[in-house]
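This report refers to the structure that appears directly beneath it.
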Amino acid sequence: MHLEIIPFDKKYSRDFYNLNIEWLQTFFYVEPYDEEVLSYPEKYIINKGGYIFFATLDNIIVGTYALMPLPKQDAFELTKMAVSPEFRGQKIGQKLLEHCIAFARTEQFNRLLLYSSRKLENAIYLYRKFGFAEIEVEDNCPYKRCDIKMEYLGL
């Protein structure tokens, strides 16, 4: 099987929605903000200068992540990262994270931020392994489930 990471195409909008809704329902719940962003990825991510990528295995979408611009924080948020349940444990999340960091370097981003939950021990371990460090979560965090914010400065 050949893993490839490809950029957003409108025809994959439903995959973006489905992968993330499944992930949220498995580990948390779908917040209204999630539903809105996932339903309209072009409006909330692409048209605002963001990016969405997909991991494909033999032309099947198996994972995704997005980079949303955060102009007030001079950063991009790594968000909406999900891998299909039947493909978890195959290092696809790691490949997506490697791609994200390489893309951010190529595009000369200042920094990457992410919001997560300590409940997701494997994800937090992976972020730390790749060089993300914990920083303070602001009071008006966009996600109720968030109890950790991390930053990557190694760009």
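In this structure, E86 places its CD atom where more than 12 heavy-atom neighbours from other residues, nucleotides or ligands lie under 6.0 Å away. By the 6.0 Å contact criterion, OH on Y29 is enclosed, its count of non-hydrogen atoms from other residues, nucleotides or ligands being greater than 12. For K95, the NZ atom is loosely surrounded, since the number of other residues' heavy atoms within 6.0 Å does not exceed 12.
Aromatic ring pairs are classed by plane angle as parallel below 30°, tilted from 30° to 60° and perpendicular above 60°; the pair F16 and F54 is perpendicular. The aromatic rings of F132 and Y152 are tilted relative to each other, their planes meeting at an angle between 30° and 60°.
In this structure, E4 has no side chain to side chain donor-acceptor pair (under 3.5 Å) partners at least two apart in sequence or on a different chain. For R145, the side chain to side chain donor-acceptor pair (under 3.5 Å) partners two or more places apart in sequence, or in a different chain, are E31, D34.
A heavy-atom distance below 4.5 Å is found between the side chains of L96 and V83. Residues Y12 and I6 form a side-chain contact, since some pair of their non-hydrogen atoms from C-beta on lies under 4.5 Å apart. Put simply, the side chain of F130 reaches to within 4.5 Å of the side chain of E98, judged on heavy atoms. A heavy-atom distance below 4.5 Å is not found between the side chains of K144 and F28. Using a 4.5 Å heavy-atom cutoff, the side chains of F8 and S13 are in contact.
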Which donor-acceptor pairs under 3.5 Å do side chains of residues 59-66 form with protein atoms, sequence neighbours excluded?
{"unit_1": "T64", "atom_1": "OG1", "unit_2": "F53", "atom_2": "O", "d": "2.8"}
{"unit_1": "Y65", "atom_1": "OH", "unit_2": "H99", "atom_2": "ND1", "d": "2.6"}
{"unit_1": "Y65", "atom_1": "OH", "unit_2": "C100", "atom_2": "N", "d": "3.3"}

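Note that CG of L113 is 9.5 Å distant from CG of D74, once rounded to the nearest 0.5 Å. Distance NZ/K119 to CD1/I148: 15.0 Å, rounded to 0.5 Å.
When each of L19, N18, L24, V30 is checked for a side-chain contact (heavy atoms from CB on, under 4.5 Å) with L38, only L24 meets the rule.
Taking a cutoff of 4.0 Å between a charged side-chain nitrogen and a carboxylate oxygen, R118 and E134 qualify as a salt bridge.
With Y17 as the aromatic partner, R14 meets the cation-pi criteria of under 6.0 angstrom to the ring centre and within 45 degrees of the ring axis.
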